[in-house]
A.B. asks: 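Let me give you the structure first, and then I'll get to my questions.
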There are 2 protein chains.
Amino acid sequence: MTQPGGRRAGTARPTLADVAREAGVSTALVSIVMRGVPGASDATRARVQAVADGMGYVRDERARKLRQSSSRLIGVTFDLQQAFHGDLVEHLYGAAAARGYDLAISAVAPTRDEDVAIQALLRERCEVAVLLGSALDDAVLASTAQRVPLLLVARRSEVDGVSSVHSDDAGGVGLAVDHLVSLGHRRLVHVDGADAPGADDRRRGFALAVERHGLTSQAQIVPGGPTEHDGSRAAEALLYAPARPSAVVAFNDRCAAGVLDLLVRRQVDVPGDVSVVGYDDSRLAVGPHAQMSTISQNAAEMAEAAIDGALDLLDGGDPREVVLAPHLVARSTSGPASGTELLD
Amino acid sequence: MTQPGGRRAGTARPTLADVAREAGVSTALVSIVMRGVPGASDATRARVQAVADGMGYVRDERARKLRQSSSRLIGVTFDLQQAFHGDLVEHLYGAAAARGYDLAISAVAPTRDEDVAIQALLRERCEVAVLLGSALDDAVLASTAQRVPLLLVARRSEVDGVSSVHSDDAGGVGLAVDHLVSLGHRRLVHVDGADAPGADDRRRGFALAVERHGLTSQAQIVPGGPTEHDGSRAAEALLYAPARPSAVVAFNDRCAAGVLDLLVRRQVDVPGDVSVVGYDDSRLAVGPHAQMSTISQNAAEMAEAAIDGALDLLDGGDPREVVLAPHLVARSTSGPASGTELLD
DNA sequence: CGGCGAGGCCCCGGTCCCTTT
DNA sequence: CAAAGGGACCGGGGCCTCGCC
């Protein structure tokens with residue numbers, strides 16, 4: 001009750017000035033100690049540190065970043081429902097911290113638009129924004145890029161001034177096709193991603209790969225989507241098709257999980273009767289359907305590349321496109337084609 | 001090039017002062033216009049707004065919150081891998097916004113400890129922290145609560161001064177048991193959550209419920225865990241048990257998904273041979289295993305209660321425990337017991 | 001007298017109270 | 001009294017100065 005002002009007890013957190021008063025030194029000195037920079041004697045340093053710890057002092061990142069010319073803050077938008085985004089965010093934290101940057105994350109969800117998420121980041125004065133799997137159209141991306149340097153992850157960018165980091169989607173699907181063909185499969189199907197980011201490239205990659213193997217006439221692309229439900233529906237339709245495929249390349253792991261679930265449910269043996277390959281190597285791939293064969297995008301590598309690209313943009317580097325090589329992770333949902341398949 | 005100082009072109013974002021200079025007014029007036037508060041004529045308001053829009057002005061939330069006595073910021077920690085946390089975060093955004101608060105979210109993941117996530121929130125000077133499914137022990141919670149008001153979601157708190165919002169876990173499992181018993185099931189199994197938050201209560205609820213129905217001797221609790229893998233393993237063990245159960249109550253939806261996957265894979269008919277009930281009603285419940293019967297915690301309601309509780313704590317209210325009533329969502333993984341079951 | 005430890009002071013970008021026209 | 005301006009201030013950071021051994 002030393003203060004006549006009616007401030008709520010316990011609410012106020014100690015500031016540099018509070019610590020300085022308590023320790024009997026200036027705020028500048030406390031600042032020096034808290035930052036661990038030269039300018040204080042060891043004895044003073046220890047004493048001030050002890051006082052700060054005792055008071056539970058935590059520095060105000062807001063005030064600190066306000067004063068500094070550079071906020072050293074990277075904004076990230078991600079989709080709360082996408083498991084792969086979760087993997088990416090986790091590694092983005094690590095990659096940013098390793099370079100002395102903080103992360104401000106802003107979620108996208110059915111009731112929270114991507115624009116809203118980006119506006120929130122702009123108000124936080126992040127120096128660059130990293131958008132995971134953005135669904136914004138080129139016009140919006142272009143106008144956003146004029147307000148803040150922009151880097152897209154897991155999506156290609158046709159937009160001027162926008163960097164991007166994504167895996168070689170067409171090539172990745174090609175790896176899946178190569179793998180299946182080498183196992184003896186001939187009748188291949190691609191359950192596509194409809195209008196999801198990357199779906200075009202994966203469709204194209206599938207078409208190119210089957211052509212390369214001279215299997216175009218036996219191959220098929222069926223409409224799917226990015227969710228388990230889409231995969232299930234597509235698989236159901238395939239079961240009633242005249243010539244049942246012997247191998248399926250799904251748009252992503254979620255889609256593949258839907259395909260797998262329906263096949264297992266219909267007592268189709270995987271990989272005995274049908275092989276299935278997913279895309280992403282998200283946590284789903286090693287989940288309940290344990291050991292899904294899939295194309296891995298390597299979240300850690302992608303996150304590193306994203307932070308590198310973002311900081312390069314900040315340093316005045318030209319926007320650029322980084323294409324990562326995906327690789328095949330053959331687990332237990334893909335196997336040799338059955339005998340009948342080999343006959344045709 | 002009006003400034004001789006070598007600042008990087010295009011990097012600097014306009015400030016209030018820039019807008020004021022451009023519009024030929026004071027910063028105070030621009031502030032009034034940007035906040036939409038009384039104190040400016042309509043004509044001036046329109047003119048200043050136009051200038052600000054033209055310059056692409058976005059206010060600096062950091063500076064604003066620094067000046068304001070209250071930061072109106074709620075910190076949230078959540079697990080990137082938990083689908084249910086994603087649902088909660090989405091609704092927390094909405095609930096906080098409805099009360100004029102911002103959210104600062106900080107993720108927890110295998111390589112990012114809960115302590116690290118909380119420290120980040122403290123540096124952002126959030127006024128209260130909402131922890132989703134915290135795994136911190138009581139001692140750490142108690143010491144954290146001394147630095148910032150704390151509210152736990154989806155976990156009970158024994159700690160003094162900490163509020164909590166969670167569903168009635170024991171009661172919820174009771175609902176599942178009642179449902180299954182009413183369908184004629186007698187040999188019930190609970191695949192538990194090991195040491196996950198809430199697992200104790202759900203075990204207890206199961207034991208109480210089967211006792212209430214006089215089925216203790218035929219009931220069983222087997223070790224499980226919070227992941228699909230745990231569910232799968234437990235289900236596998238059950239298939240080799242002497243008396244196969246006719247119904248399973250899983251710790252959560254992920255665990256139930258694992259159980260379901262293994263059963264389907266082993267060609268056990270669900271719900272013909274075995275009924276399965278999950279817990280959470282997360283996105284998984286309506287995912288690939290379409291239409292899982294489960295106990296719903298209603299993320300929207302929980303989020304509302306969490307924000308209410310957090311703000312109440314801020315207003316000086318006493319810490320309190322809010323227990324929400326879970327409810328049964330009977331979908332297609334639970335059905336009548338088979339004939340053999342009814343005989344014993 | 002040189003160098004190190006420490007303090008004074010303004011600044012970052014808004015907000016808000018008070019004063020002026 | 002409404003509209004607009006002036007200036008202190010929130011919590012730290014960084015430059016410059018000063019005292020002292």
Side-chain angles (χ1 to χ4, degrees), chain A residues 5 7 11-49 51-52 55-73 100 102 122-127, chain B residues 5 7 11-49 51-52 55-73 100 102 122-127:
Chain A
R7 76 158 181 226
T11 296
R13 283 195 282 231
T15 70
L16 267 193
D18 295 328
V19 176
R21 197 179 313 117
E22 188 81 9
V25 296
S26 71
T27 59
L29 188 52
V30 179
S31 174
I32 284 169
V33 172
M34 298 315 295
R35 280 177 291 152
V37 298
S41 64
D42 287 349
T44 312
R45 198 175 290 274
R47 190 165 52 84
V48 170
Q49 187 68 57
V51 171
M55 300 177 73
Y57 171 77
V58 178
R59 94 173 144 216
D60 187 331
E61 203 59 36
R62 197 182 305 124
R64 171 204 204 17
K65 286 192 190 305
L66 175 60
R67 166 62 190 171
Q68 290 177 329
S69 51
S70 147
S71 68
R72 296 189 81 80
L73 186 64
D102 284 338
L122 288 179
R123 283 194 298 268
E124 295 298 324
R125 276 294 185 273
C126 61
E127 299 185 294
Chain B
R7 77 162 180 220
T11 296
R13 283 195 282 232
T15 70
L16 265 194
D18 295 328
V19 177
R21 197 178 314 116
E22 188 80 9
V25 296
S26 71
T27 60
L29 187 53
V30 179
S31 175
I32 284 171
V33 172
M34 298 316 293
R35 281 177 289 151
V37 297
S41 66
D42 288 349
T44 312
R45 199 175 289 276
R47 190 165 54 85
V48 169
Q49 187 68 56
V51 171
M55 299 177 74
Y57 172 77
V58 178
R59 95 175 141 214
D60 187 330
E61 202 61 34
R62 188 169 295 118
R64 163 200 252 276
K65 287 192 190 306
L66 174 60
R67 166 61 206 201
Q68 290 176 326
S69 50
S70 146
S71 68
R72 298 189 79 79
L73 186 63
D102 283 337
L122 288 179
R123 283 195 297 269
E124 295 297 324
R125 277 293 186 276
C126 61
E127 300 186 294

A.B. asks: I want to check something: taking the side chain as every heavy atom from C-beta on, are B:Arg72 and B:Ser70 in contact at a cut-off of under 4.5 Å?
C.D. replies: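 Of all side-chain heavy-atom pairs linking B:Ser70 with B:Arg72, at least one is under 4.5 Å.
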
A.B. asks: B:Arg125 near the nucleic acid: base, sugar-phosphate alone, or nothing, with a heavy-atom cut-off under 4.0 Å?
C.D. replies: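 Sugar-phosphate, backbone atoms only, no base.
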
A.B. asks: Dump every N/O contact between nucleotides 8-10 of chain D and the protein below 3.5 Å, one line per pair.
C.D. replies:
from   : atom 1 : to      : atom 2 : distance (Å)
D:dC9  : O2     : B:Arg67 : NH1    : 2.6
D:dC10 : O2     : B:Arg67 : N      : 3.4

A.B. asks: Could you state the CZ-P distance from B:Arg21 to D:dG6, rounded to the nearest angstrom?
C.D. replies: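 Checked: the CZ to P distance equals 14 Å.
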
A.B. asks: Which residues in residues 34-48 of chain A have at least one heavy atom lying under 4.0 Å from any atom of DNA chain C?
C.D. replies: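 Result for residues 34-48 of chain A: A:Gly39, A:Ala40, A:Ser41, A:Thr44, sorted by number.
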
A.B. asks: Test of understanding: with side chain to side chain contact (heavy atoms under 4.5 Å, CB included), list the residues that count as partners of B:Thr27, not counting sequence neighbours.
C.D. replies: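 Side chain to side chain contact (heavy atoms under 4.5 Å, CB included) check on B:Thr27 returns B:Ala17, B:Ala20.
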
A.B. asks: Which is it for B:Val19 and B:Met34 under the side-chain contact (heavy atoms from CB on, under 4.5 Å) test, yes or no, and what are the steps along the way?
C.D. replies: CA-CA 11 Å; B:Val19 177; B:Met34 298 316 293; 5.9 Å; no

A.B. asks: Nearest whole Å is fine: how far is D:dG5 C1' from B:Leu16 CG?
C.D. replies: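 So the two atoms are 14 Å apart, to the nearest Å.
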
A.B. asks: Can you see if the side chain of A:Arg64 gets near the phosphate of D:dG13 - specifically, an N or O under 4.0 Å from OP1 or OP2?
C.D. replies: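 Answer is yes, contact under 4.0 Å.
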
A.B. asks: Taking B:Val58's backbone N and O only, do any of them form a donor-acceptor pair with B:Arg13's side chain (distance below 3.5 Å, no angle check)?
C.D. replies: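 A pair under 3.5 Å: no.
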
A.B. asks: Taking atom P of D:dG11 as reference, at what distance in whole Å does atom CD of A:Glu61 sit?
C.D. replies: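 In whole Å, D:dG11 P lies 15 Å from A:Glu61 CD.
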
A.B. asks: Checking contacts here: which listed nucleotide (C:dA6, D:dG12, C:dG14) is nearest the side-chain heavy atoms of B:Asp60?
C.D. replies: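 Between C:dA6, D:dG12, C:dG14, the one nearest the side chain of B:Asp60 would be C:dG14.
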
A.B. asks: Would you say A:Thr15 and A:Asp60 make side-chain contact, with heavy atoms under 4.5 Å?
C.D. replies: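 No - every pair of side-chain heavy atoms lies 4.5 Å or more apart.
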
A.B. asks: Just the rounded figure in Å: distance from C1' of C:dG14 to CG of B:Leu29.
C.D. replies: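 Those two atoms, CG and C1', are 14 Å apart.
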
A.B. asks: Check the pair B:Arg64 / B:Arg59 against side-chain contact (heavy atoms from CB on, under 4.5 Å), numbers first and verdict last.
C.D. replies: CA-CA 8 Å; B:Arg64 163 200 252 276; B:Arg59 95 175 141 214; 2.6 Å; yes

A.B. asks: Note down the inter-axis angle between the two ends of the helix from C:dG2-D:dC21 to C:dT21-D:dA2, five pairs each, to the nearest 10°.
C.D. replies: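 Computed from the C1' atoms at both ends, the axes differ by 50°.
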
A.B. asks: The criterion is salt bridge (Lys or Arg N to Asp or Glu O under 4.0 Å); which residues satisfy it with B:Arg62, sequence neighbours excluded?
C.D. replies: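 Per chain and number, B:Arg62 pairs via salt bridge (Lys or Arg N to Asp or Glu O under 4.0 Å) with no residue.
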
A.B. asks: Under 4.0 angstrom, heavy atoms only, what part of the nucleic acid is B:Val25 near: base, sugar-phosphate, or nothing?
C.D. replies: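 The answer is sugar-phosphate, as B:Val25 gets under 4.0 Å only of primed atoms, P, OP1 or OP2.
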
A.B. asks: For A:Glu22, give me all partners under side chain to side chain contact (heavy atoms under 4.5 Å, CB included), at least two apart in sequence or on another chain.
C.D. replies: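 Checked A:Glu22 against side chain to side chain contact (heavy atoms under 4.5 Å, CB included); matches are A:Val51, A:Met55.
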
A.B. asks: Restricting to side-chain hydrogen bond (donor to acceptor under 3.5 Å, both in side chains), what partner residues turn up for A:Arg35, sequence neighbours left out?
C.D. replies: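 A:Arg35: side-chain hydrogen bond (donor to acceptor under 3.5 Å, both in side chains) contacts with A:Ser31.
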
A.B. asks: What pairs with A:Ser26 under side-chain hydrogen bond (donor to acceptor under 3.5 Å, both in side chains), at least two apart in sequence or on another chain?
C.D. replies: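 For A:Ser26 there are no side-chain hydrogen bond (donor to acceptor under 3.5 Å, both in side chains) partners, ignoring immediate neighbours.
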
A.B. asks: Quick test of your reading of the model: are B:Arg123 and A:Asp102 salt-bridged, counting only N-O distances below 4.0 Å?
C.D. replies: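 Salt bridge between B:Arg123 and A:Asp102, a charged N being under 4.0 Å from a carboxylate O: no.
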
A.B. asks: With sequence neighbours excluded, tell me which residues meet salt bridge (Lys or Arg N to Asp or Glu O under 4.0 Å) with A:Glu124.
C.D. replies: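 Partners of A:Glu124 by the salt bridge (Lys or Arg N to Asp or Glu O under 4.0 Å) criterion come out as none, since no residue qualifies.
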
A.B. asks: Using the test side-chain hydrogen bond (donor to acceptor under 3.5 Å, both in side chains), find all partners of B:Arg21 that sit at least two apart in sequence or belong to another chain.
C.D. replies: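 B:Arg21 satisfies side-chain hydrogen bond (donor to acceptor under 3.5 Å, both in side chains) with B:Asp18 only.
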
A.B. asks: Is there a side-chain polar atom (N or O) of A:Ser31 under 4.0 Å from OP1 or OP2 of D:dG13?
C.D. replies: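 Result: yes.
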
A.B. asks: Just how far, in rounded Å, is C1' of D:dG12 from NZ of B:Lys65?
C.D. replies: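 About 19 Å, once rounded to whole Å.
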
A.B. asks: Which residues satisfy the side-chain hydrogen bond (donor to acceptor under 3.5 Å, both in side chains) test with B:Thr44, sequence neighbours excluded?
C.D. replies: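 Once residues adjacent in sequence are excluded, the partners of B:Thr44 under the side-chain hydrogen bond (donor to acceptor under 3.5 Å, both in side chains) criterion are B:Ser41.
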
A.B. asks: Could you list, one pair per line, each protein nitrogen or oxygen that sits under 3.5 Å from a nitrogen or oxygen of nucleotides 17-21 of chain C, together with the distance?
C.D. replies:
none

